[in-house]
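Just so we're clear, the structure is a prediction, and the values are computed from it rather than from any experiment.
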Amino acid sequence: MDVRHSHGTEVHVVRACYEDDAADLIAVGGAHSVEILLLTEKSCKTIANFHIGSRITALAWSSRVSSPSSTDSWSIELAAAGADFSLYLLSKSSSEEEEIFPFGGGLSGHHGKVNDMTFCGGRSEDSSRYVATVSDDKMLMVWDLHPSIDLTSPPSPGTSTPSRPQPTAYVITFPHPLTSVNAHPSTSKELLVADCRGSVFLTDWRSDPDANEQDSWRNSSVVELLEPRALADSLAGPAAKWSGSVAWRRDPSAELVGAAYGSRFALWDMGSLAGGKPYVTGASFAEGGSQFRWCPTYPDYFAVSTRSAARGAVIHVHNVAYVHAQPTVFQVAPRPLFVRAFDFVACRGIPRIVAAVGREVVVFYIGVDS
């Protein structure tokens, strides 16, 4: 049974929470607010609403989260990015109302659209301390949300003292606009960063910065993964709007990386890299893929979406064990609607996908009980 929820405005971002104690929480980013949904098998309800005031472009869940279904003392924490390039830390708990903490504005932050974000502290005590953001301004920024030193200016006369220190940022500059960033729970120092030209960088963001700031990505990149056809197509001309999406499979080995570029998907085995080339590629959407996601509960499954409305709102689900087989096609809605964003739900049992289609969020199963 599909679960449908009307957000009230166009839905631009959806993110499922992958934490064990909050796997039934969904974050929905719209034209001016972030809504948190509590999902059940047959319905969903709103448990928090954060008014940001600008279109949401990216969301990321912190590890400091627990669902009302798992404890009476529940809490929510996540980061959000707005179309005005500002960043926000959003929180709410069973005993406190919604709180919005803005950061990263002005000269200290991004100067282009923030396309993606992820918390990147691994499983350590820093798991909710660091959040990475990537942008059209070619910069990866890793923000320390709990800096030991407050670098903010003293408040002006008549203004109140800020409730907490402003986060500080570690900046790595890349040669091209960045479209996607992903972290794995097993590492607290490495990030996957995708650019708009067909490259994926395994980046050690804790390494010492290079003396030449413009080339700091060279010093921080451990491995560069290339999808040759995507790179060739992007160099051929600006006919298509490129949007690379990269994801790390969330199994303990952390060896499989997947990405969607143009009309193809690619998989890399990090334990056996052949000069950075993928070990397998396959055809996806001829119109161009938009997002790549691994299923957190059944790691053999991955899915790709497209923002083209040529076939309506469609998602392809693939199985790594049969990667060259035709994908299972899920038609979420007819034309002219399309999937603007999607994610796998992390609840146990039959896998589910949550998709942003127009003003609605649609949650549907990708299998049946055997």
Considering non-hydrogen atoms only, spot the tightest contact between [X] and [Y] and give its length.
X    : Y    : value
P167 : F103 : CD-CB, 3.6 Å
H318 : P327 : CE1-CB, 3.4 Å
V11  : A356 : CG1-CB, 3.4 Å
P296 : Y18  : CG-CE2, 3.8 Å
A355 : F364 : CB-CE2, 4.4 Å
A303 : I353 : CB-CD1, 4.4 Å

Between [X] and [Y], is any pair of side-chain heavy atoms under 4.5 Å apart?
X    : Y    : result
I56  : F50  : no
L191 : V142 : yes
F302 : V320 : yes
L267 : Y279 : yes
P177 : K138 : yes
V193 : W205 : no
D126 : S188 : no
K113 : T179 : no

Starting from [Y], can I reach [X] by hopping between I/L/V/M/F/W/Y residues whose side chains sit under 4.5 Å apart?
X    : Y    : value
F344 : V357 : yes
V354 : V65  : no
I172 : V134 : yes
I100 : L89  : no

Mark yes when over 12 heavy atoms from residues, nucleotides or ligands other than [X] sit less than 6.0 Å from its [atom1]; otherwise mark no.
X    : atom1 : answer
Q331 : CD    : yes
E41  : CD    : no
F285 : CZ    : yes
D20  : CG    : no

Flag, side chain of [X] to backbone of [Y], donor-acceptor distance under 3.5 Å:
X    : Y    : value
S272 : D269 : no
K92  : I47  : yes
H111 : G109 : yes
W248 : A254 : yes
R359 : H7   : no
N115 : L178 : yes
S124 : G121 : yes
E99  : S91  : no
R307 : R340 : yes
E224 : S199 : no

Drop me the distance from [X]'s [atom1] to [Y]'s [atom2], to the nearest 0.5 angstrom.
X    : Y    : atom1 : atom2 : answer
T168 : L145 : OG1   : CG    : 9.0 Å
N49  : L90  : CG    : CG    : 10.5 Å
L37  : T46  : CG    : OG1   : 5.0 Å

Query raised in the report: Checking R164 against F101: charged group under 6.0 Å from the ring centre and within 45 degrees of the axis?
Result: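 Yes, R164 and F101 form such a contact.
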**Report entry** cation_pi(R206, Y130) dist<6.0 Å, angle<=45
**Finding:** yes
May I have the list of side-chain donor-acceptor pairs in residues 21-34 shorter than 3.5 Å, sequence neighbours left out?
residue : atom : partner : partner atom : Å
D24     : OD1  : S67     : OG           : 2.9
D24     : OD2  : S67     : OG           : 3.4
D24     : OD2  : S69     : OG           : 2.5

Is it true that [X] and [Y] have a side-chain N and a carboxylate O under 4.0 angstrom from each other?
X    : Y    : result
R15  : D343 : yes
R352 : D2   : no
R197 : D195 : no

Query - Donor + acceptor pair across side chains of D137, H110 (<3.5 Å) - result: yes
Mind listing the side-chain donor-acceptor pairs of residues 71-87 below 3.5 Å, one per line with the distance, residues two or more places apart or on another chain?
residue : atom : partner : partner atom : Å
T71     : OG1  : S73     : N            : 3.1
E77     : OE1  : S62     : OG           : 2.9
D84     : OD1  : S86     : N            : 3.1

Query raised in the report: Given the rule in the salt bridge (Lys or Arg N to Asp or Glu O under 4.0 Å) test, do E10 and R55 qualify, once you have shown the distances and angles that lead to the verdict?
Result: CA-CA 9 Å; E10 289 285 322; R55 177 171 55 85; over 6 Å; no
